[in-house]
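For reference, the structure is listed below as structure tokens.
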Amino acid sequence: MSEFHIKFASPRAIKGQAVADLLAAFPEEGTTTLHEDHLGEVPEISFVKEEVCILFFDGSGTPSNNTGGAGVVLVSPIGEVFSHSFNLDFHCTNNSAEYEAFLIGLSLAKQARDTRLEIRGDSKLLVNQLNGVYALKEVTRAPYRSEAQKLLNYFADATITHVGRNNNKHADCLATLASKLQFEGLEETLTVKR
């Protein structure tokens, strides 16, 4: 055999997929099912997808009439859309109106007893401050952030994502509408139906 120049090489590791492919190619040869080998184990694994409510928010400050508006859209897990528009009858900047809309949206989601929430807004400042990317530089925003953290603790799972204005048009329209309206007299509710 020395005339063939045979060399010994140690075998390489077998990848897990190769073993799985081999077992799949010969399923009936000496294999047993999981529940026969391990008593009491469940042979199937199932995943339950928890239902998530989506919250869109937007705020709008209007310096000309010294008010602001908040638009909130809640989309239930089954696709029902609930649109809310709030007139902020006090002087507010765009950033404070965004925080007001965010807090109102969280309160509405809490009242609806939603526990998993996907929050989307077009305020990069607010989203990044609440996600810890930006520091809170203005002292006037501290109470907003504190209240937001309290409300966020209610939810088992809440994610806050920045979306562009094109993906937040519904809430933007509601906020703009509310910031432009000036109520006369005691009437405080305006109903818009499609």
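All values reported here derive from a predicted model rather than from experimental measurement.
In the hydrophobic clustering of this structure, L151 groups with L130; members are Ile, Leu, Val, Met, Phe, Trp, Tyr whose side-chain heavy atoms approach within less than 4.5 Å, directly or through other members. Hydrophobic cluster membership is shared by I104 and V127, with clusters built from Ile, Leu, Val, Met, Phe, Trp and Tyr side chains linked at under 4.5 angstrom. No single ILVMFWY cluster, assembled from side-chain heavy atoms under 4.5 Å apart, contains both V52 and I119.
Partners of E147 by salt bridge (charged side-chain N to carboxylate O under 4.0 Å, His left out), not counting sequence neighbours: none found. Applying the ring-ring contact (aromatic ring centres under 6.0 Å, His included) rule to F155 yields no partners; only residues at least two apart in sequence or on another chain are considered. Residues satisfying the side chain to side chain contact (heavy atoms under 4.5 Å, CB included) criterion with V163, sequence neighbours excluded, are R120, N167, N168. Partners of S83 according to the side chain to side chain donor-acceptor pair (under 3.5 Å) rule, which considers only residues two or more places apart in sequence or in another chain, are H170. Every residue two or more places apart in sequence or in another chain that forms a side chain to side chain donor-acceptor pair (under 3.5 Å) with D157 is listed here: R116. By the side chain to side chain contact (heavy atoms under 4.5 Å, CB included) test, V139 is found to be paired with no residue, residues two or more places apart in sequence or in another chain being considered. The side chain to side chain donor-acceptor pair (under 3.5 Å) check on T93 picks up S96, with sequence neighbours excluded.
Pairs of residues two or more places apart, or lying in two chains, never qualify as salt bridge (Lys or Arg N to Asp or Glu O under 4.0 Å) while including a residue from residues 94-115. Residue pairs meeting the ring-ring contact (aromatic ring centres under 6.0 Å, His included) criterion with at least one partner in residues 51-91, sequence neighbours excluded, are F57-F102. A ring-ring contact (aromatic ring centres under 6.0 Å, His included) check over residues 60-79, counting only residues at least two apart or in different chains, returns nothing. Among pairs with a residue in residues 59-79, none fulfils ring-ring contact (aromatic ring centres under 6.0 Å, His included), at least two apart in sequence or across chains. Screening residues 117-136 for ring-ring contact (aromatic ring centres under 6.0 Å, His included) gives no qualifying pairs among residues at least two apart or on separate chains.
Closest of all the heavy-atom pairs between S123 and H162 is C-CD2, 3.8 Å. Residues L88 and T67 come closest through the heavy atom pair O-CB, 3.3 Å. Across every non-hydrogen atom of G61 and A97, the tightest pair is N-CB, 4.0 Å. Nearest heavy-atom pair, G71 versus A175, reported as atom, atom and distance to 0.1 Å: N-CB, 3.5 Å. For the pair A70 and A178, the tightest heavy-atom approach, listed with the atom from each and the gap, is N-CB, 4.2 Å. The minimum heavy-atom distance linking G105 with V72 is given by the pair CA-CG1, 3.6 Å.
Annotation: side chain of L108 is in contact with side chain of Q111 (closest heavy-atom distance under 4.5 Å). Taking 4.5 Å as the limit, some side-chain heavy atom of L152 sits within range of a side-chain heavy atom of L106. Between V81 and V73, some side-chain heavy-atom pair lies under the 4.5 Å cut-off.
To the nearest 0.5 Å, the span separating CG on D122 from CG on D172 amounts to 6.0 Å. We find the NZ-CG distance between K169 and D58 to be 13.0 Å, quoted to the nearest 0.5 Å. To the nearest 0.5 Å, atoms CG (L117) and CG (L55) are separated by 5.5 Å.
Remark: the Q129 side chain and the Y99 side chain contain an N/O donor-acceptor pair separated by less than 3.5 Å.
A side-chain donor-acceptor contact under 3.5 Å links N131 to the backbone of I160. Under a 3.5 Å cut-off, the side chain of S179 and the backbone N or O of G69 do not form any donor-acceptor pair. Without hydrogens or angle criteria, T176 side chain to C173 main chain gives no donor-acceptor distance under 3.5 Å.
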